[in-house]
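Structure first, then comments.
Within every chain, numbering begins at 1; the chains are lettered A, B, ... in the order of the sequence lines, protein sequences first and strands thereafter.
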Amino acid sequence: MNLLHLFLGFLIANLLGYGGGPASIPLMQNEIVNRYHWLTNANFANVLALGNSLPGPIATKVATYLGFQVYGWLGVLVALVATVAPSAAGLLLLSRLLAKHRQSNVIRGMTLLVQPVIAVMMLLLTIQMGKDAVSSIGILQSAVIALVAFFALVKFKVHPAFVIIAAFLYGALVLPHLS
Amino acid sequence: MVDWSRARDLSTAMLRVGVLGYGGGPAVIPLFRYEAVTRFHWLSDEEFGETLAFATALPGPVATKLSAYLGYRVLGFAGAIMAIVLNILPSSIATVILAGAFTRLYHYTVVRDMVSAVIPVITVMLAMMAYQFGERARRGLGVPLGLALMAIAFLLLWWIHVNSAIVIVLFLLYGTAHFALVRKWRTWRGNDGGQR
């Protein structure tokens, strides 16, 4: 019964969540806290805090945590499948359908017209992330890190992995001495 | 036959994105793009943009949808499953291991400082991607139409807070008719010019 609830809870939260993992956080909270009472609101906030200090998609981290709490590793598997499988299958089906008609003017027009929307979506994400950065480490540190990252990525074509690792080290070694 | 070198590339890419992707699924999009387009040349930038659009128009986490598509393109259905698993494995294992200590972990300022220092890097990568897609819109649609459409998208998303999936679907719907309308407009202008 718990497994079925895990499956249904995460399935519903993610099927209704448009805009990626972060958009489905309130929906997951509704299932986890209000409907099934697996966690209190305070505990859910702690899970999010843990999720934010780890890499990877937020929805799958919440699903892993809850699945493990409720039903061990089998619970992890069920919660993850419910979170990930329907949307992944949907994208594969849709793209197979589109690949068949790639040369048609209808599909070419669709492909062209999504470019401006994606540009704007990325711009809004940039603004939001920039605000997050400034509110957590201040404008000066954010600007320094961003400037160095920009030159490393654009001018010297450094692999993003190294830039991120360098930022990590800076955060561990330098930032604690500045605040 | 399994293509082992492609399988190795796919695993490397997915693990790398899974371990380094901070800031939630959407923030990780530039990392996926780097691996798929710049590093391993699995798809063109156009196909990546198109896939991203359709991934956003569907519900659910973005990172795992992109993993599924890339895995599928590289190694078929088995590749899709492999890519999703490898992308979420590192953070899932870490979540279970650290769950007991989760309240303490985030209160270590070092951990918080490390994560915070990565956010400006992610911001720069997102800004670069915004610029590149804006550039592509300008080349494909021209400056006036490209700018007008971006302004409309900006107003809908930022000002009226329309859900991004709805905005994408609206633009896709217009896109289905775009080339037909352009042709009509050109013949109309052509006729007009002929009469004058």
Side-chain angles (χ1 to χ4, degrees), chain A residues 14-15 17-22 46 49-50 53-61 64-65 68 84 87-88 90-92 94 105-106 109-120 122-123 125-126 129-130 132-133 136-137 142 145-146 149-150 160-161 163-164 167-168 170-172 175-176, chain B residues 18-22 24-26 34 50 53-55 58-65 68-69 72 88 91-92 94-96 102-103 106 110-111 113-124 126-127 129-130 133-134 136-137 140 149-150 153-154 163-165 168 171-172 175-176 178-179:
Chain A
N14 284 288
L15 277 185
Y18 280 91
N46 279 329
L50 168 72
S53 50
L54 292 171
I58 188 78
T60 57
K61 278 177 288 190
T64 304
Y65 179 85
F68 194 76
V84 162
S87 62
L91 180 64
L92 290 186
L94 191 63
N105 268 342
V106 172
M110 289 166 85
T111 308
L112 181 59
L113 261 293
V114 292
Q115 313 290 343
V117 192
I118 292 185
V120 171
M122 290 293 135
L123 178 69
L125 266 176
T126 308
M129 281 281 150
D132 283 0
S136 65
I137 55 174
S142 302
I145 296 173
F150 180 78
V163 183
I164 290 175
F168 253 140
Y170 183 80
L175 282 185
Chain B
V19 170
L20 296 170
Y22 275 88
Y34 186 88
E50 180 189 309
F54 289 117
L58 292 168
V62 162
T64 52
K65 272 180 283 189
Y69 184 80
Y72 182 78
I88 62 181
S91 59
S92 286
T95 302
V96 172
F102 69 82
T103 38
Y106 201 63
V110 172
V111 176
D113 281 340
M114 285 170 77
V115 176
S116 299
V118 175
I119 302 300
V121 180
I122 303 285
T123 310
V124 168
L126 287 166
M129 222 177 129
F133 276 97
R136 183 128 5 93
L149 288 169
M150 277 193 261
F154 189 84
N163 191 297
S164 52
I168 285 200
F171 275 67
L172 285 175
T176 58
H178 176 72
F179 280 109

Which atoms of Leu94(A) come close to chain B, meaning under 4.5 Å heavy atom to heavy atom: side chain ones, backbone ones, both, or neither?
side chain
Look at Thr176(B), Thr64(B), Ile119(B) and state which one has the largest set of heavy-atom pairs under 4.5 Å with chain A.
Thr176(B)
Using modelled atom types only, decide if a donor and an acceptor are shared between the side chain of Lys61(A) and the backbone of Ile88(B) within a distance under 3.5 Å.
no
Heavy-atom closest pair (Gly171(A) atom, Asp113(B) atom, distance to 0.1 Å) is O-CB, 3.2 Å
Looking at Leu112(A), Ile137(A), Val114(A), which makes the most heavy-atom pairs under 4.5 Å with chain B?
Leu112(A)
Selection from Gly134(B), Ala63(B), Gly18(B), Ser92(B) maximising heavy-atom pairs under 4.5 Å formed with chain A:
Ser92(B)
Sort out for me which of Ala68(B), Gly140(B), Ala55(B), Ala117(B) touches chain A most, counting heavy-atom pairs under 4.5 Å.
Ala117(B)
Checking heavy atoms, do the side chain of Val121(B), its backbone, both or neither come under 4.5 Å from chain A?
both
Can you measure from OH (Tyr69(B)) to CD (Glu50(B)) and round to the nearest 0.5 angstrom?
6.5 Å
Would you compute the distance between atom CE of Met129(B) and atom CE of Met122(A) and round it to the nearest 0.5 angstrom?
4.5 Å
Top residue by heavy-atom pair count (under 4.5 Å) with chain A, among His178(B), Met150(B), Met114(B)?
Met114(B)
Contacting region of Leu123(A) [heavy-atom separation from chain B under 4.5 Å]
both
Is there side-chain contact between Asn14(A) and Pro61(B), with heavy atoms separated by less than 4.5 Å?
yes
Just by distance, do the side chain of Lys65(B) and the backbone of Pro59(B) share a donor-acceptor pair under 3.5 Å?
yes
Let me know if Leu92(A) has heavy atoms under 4.5 Å from chain B in its side chain, its backbone, both or neither.
side chain
Tell me, out of Ala130(B), Ala137(B), Ala127(B), who's got the most heavy-atom pairs with chain A below 4.5 Å.
Ala130(B)
Answer with side chain, backbone, both or neither: which region of Phe179(B) has an atom nearer than 4.5 Å to a non-hydrogen atom of chain A?
side chain
Using a cut-off of under 4.5 Å on heavy-atom pairs, state which of Ile122(B), Ile168(B), Leu149(B), Val124(B) scores highest against chain A.
Val124(B)
Identify the two heavy atoms, one from Ser87(A) and one from Leu58(B), that lie closest to each other, and give their separation to 0.1 Å.
O-CD1, 4.3 Å
Checking heavy atoms, do the side chain of Phe168(A), its backbone, both or neither come under 4.5 Å from chain B?
both
Minimum heavy-atom distance Val117(A)-Ala153(B), with the two atoms named
CA-CB, 4.3 Å
So how far is it from Tyr65(A) OH to Ser91(B) OG, rounded to the nearest 0.5 Å?
15.5 Å
Partner of Thr123(B) under side chain to side chain contact (heavy atoms under 4.5 Å, CB included), picked from Thr126(A), Leu125(A), Asp132(A), is Thr126(A)
Which atoms of Tyr34(B) come close to chain A, meaning under 4.5 Å heavy atom to heavy atom: side chain ones, backbone ones, both, or neither?
side chain
Chain B contacts, top residue of Ala149(A), Ala146(A), Ala88(A) (heavy-atom pairs, under 4.5 Å)
Ala146(A)
